[in-house]
Amino acid sequence: MDTTLEKLKGLLKNSMPDTDTDQITRESFLLSDLGLDSLNMMLLAIVAEDEFNIRFETGFNPETVGDLCDYIEKAEAKR
């Protein structure tokens, strides 16, 4: 079974092929480490919502991959 982190890496690889997913950890910063801009963040949110069958709250602004993983895991646990 894939972990949330591994699924996110797959989404990033499919959505943004130039992203080096081999180096992504929970501590990776979305903006400075991965170089995501606001459009990339929006795209990632859309594909993550579809993949994990969740909805992000307005104003949720993750800084790290771990923030994103934690949010997704909590949302899945509530279902």
Side-chain angles (χ1 to χ4, degrees):
M1 181 162 100
D2 286 340
T3 65
T4 303
L5 177 59
E6 293 304 314
K7 286 182 182 178
L8 281 174
K9 285 181 179 184
L11 293 176
L12 283 164
K13 189 68 171 173
N14 289 336
S15 302
M16 292 154 263
D18 294 336
T19 303
D20 182 9
T21 57
D22 293 335
Q23 303 302 318
I24 295 174
T25 67
R26 290 181 68 91
E27 292 77 28
S28 298
F29 284 90
L30 296 167
L31 300 178
S32 60
D33 293 337
L34 302 183
L36 302 184
D37 59 20
S38 58
L39 184 58
N40 295 133
M41 291 287 287
M42 185 182 303
L43 177 60
L44 179 58
I46 291 167
V47 296
E49 285 182 337
D50 288 343
E51 174 70 23
F52 295 101
N53 196 28
I54 63 167
R55 292 291 171 246
F56 291 107
E57 294 178 12
T58 302
F60 174 63
N61 190 21
E63 292 185 16
T64 66
V65 173
D67 294 341
L68 198 51
C69 288
D70 291 343
Y71 186 97
I72 291 167
E73 290 164 356
K74 287 178 185 174
E76 289 183 320
K78 289 181 182 179
R79 286 188 288 155

Exercise. Listed by chain and number, what are the side-chain contact (heavy atoms from CB on, under 4.5 Å) partners of D37, not counting sequence neighbours?
Worked result: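 Counting only residues at least two positions away or on another chain, D37 forms a side-chain contact (heavy atoms from CB on, under 4.5 Å) with L39, N40.
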Exercise. With sequence neighbours excluded, what pairs up with D20 under the side-chain contact (heavy atoms from CB on, under 4.5 Å) test?
Worked result: D22, Q23
Exercise. If you look only at pairs with a residue in residues 23-32, which of them pass as a salt bridge (charged side-chain N to carboxylate O under 4.0 Å, His left out), with sequence neighbours excluded?
Worked result: R26-D70, R26-E73
For this session: Report the residues that fulfil salt bridge (Lys or Arg N to Asp or Glu O under 4.0 Å) with D33, sequence neighbours left out, ordered by chain and then residue number.
Result: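 Partners of D33 by the salt bridge (Lys or Arg N to Asp or Glu O under 4.0 Å) criterion come out as none, since no residue qualifies.
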Expected list for residues 43-50: side-chain donor-acceptor pairs under 3.5 angstrom, two or more places apart:
residue, atom, partner, partner atom, Å
E49, OE1, R55, NH1, 3.4
E49, OE2, F56, N, 2.8

For this session: Examine L5 and L31 and state if one hydrophobic cluster contains both, with Ile, Leu, Val, Met, Phe, Trp and Tyr joined whenever side-chain heavy atoms are less than 4.5 Å apart.
Result: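 Per the 4.5 Å side-chain linkage, L5 and L31 are co-clustered.
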Donor-acceptor pairs are to be reported for all side-chain atoms of residues 9-18 against protein atoms at under 3.5 Å, with residues two or more places apart or in another chain.
residue, atom, partner, partner atom, Å
K9, NZ, I24, O, 3.3
N14, ND2, G10, O, 3.4
S15, OG, L11, O, 2.9

Problem set entry | Pairwise ring pair (Phe, Tyr, Trp, His ring centres under 6.0 Å) hits with a residue in residues 7-37, at least two apart | none
For this session: Answer whether the closest heavy-atom distance between the side chains of K7 and I72 falls below 4.5 Å.
Result: no
Exercise. About how many Å separate OH of Y71 and OG1 of T4, when rounded to the nearest 0.5 Å?
Worked result: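 With rounding to 0.5 Å, OG1 (T4) is 14.0 Å from OH (Y71).
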Show me the donor-acceptor pairs within less than 3.5 Å that the side chains of residues 57-69 make with the rest of the protein, sequence neighbours left out.
residue, atom, partner, partner atom, Å
T64, OG1, G66, N, 3.3
T64, OG1, D67, N, 3.0
T64, OG1, D67, OD1, 3.3
T64, OG1, D67, OD2, 3.4
D67, OD2, E63, N, 3.0
D67, OD2, T64, N, 3.1

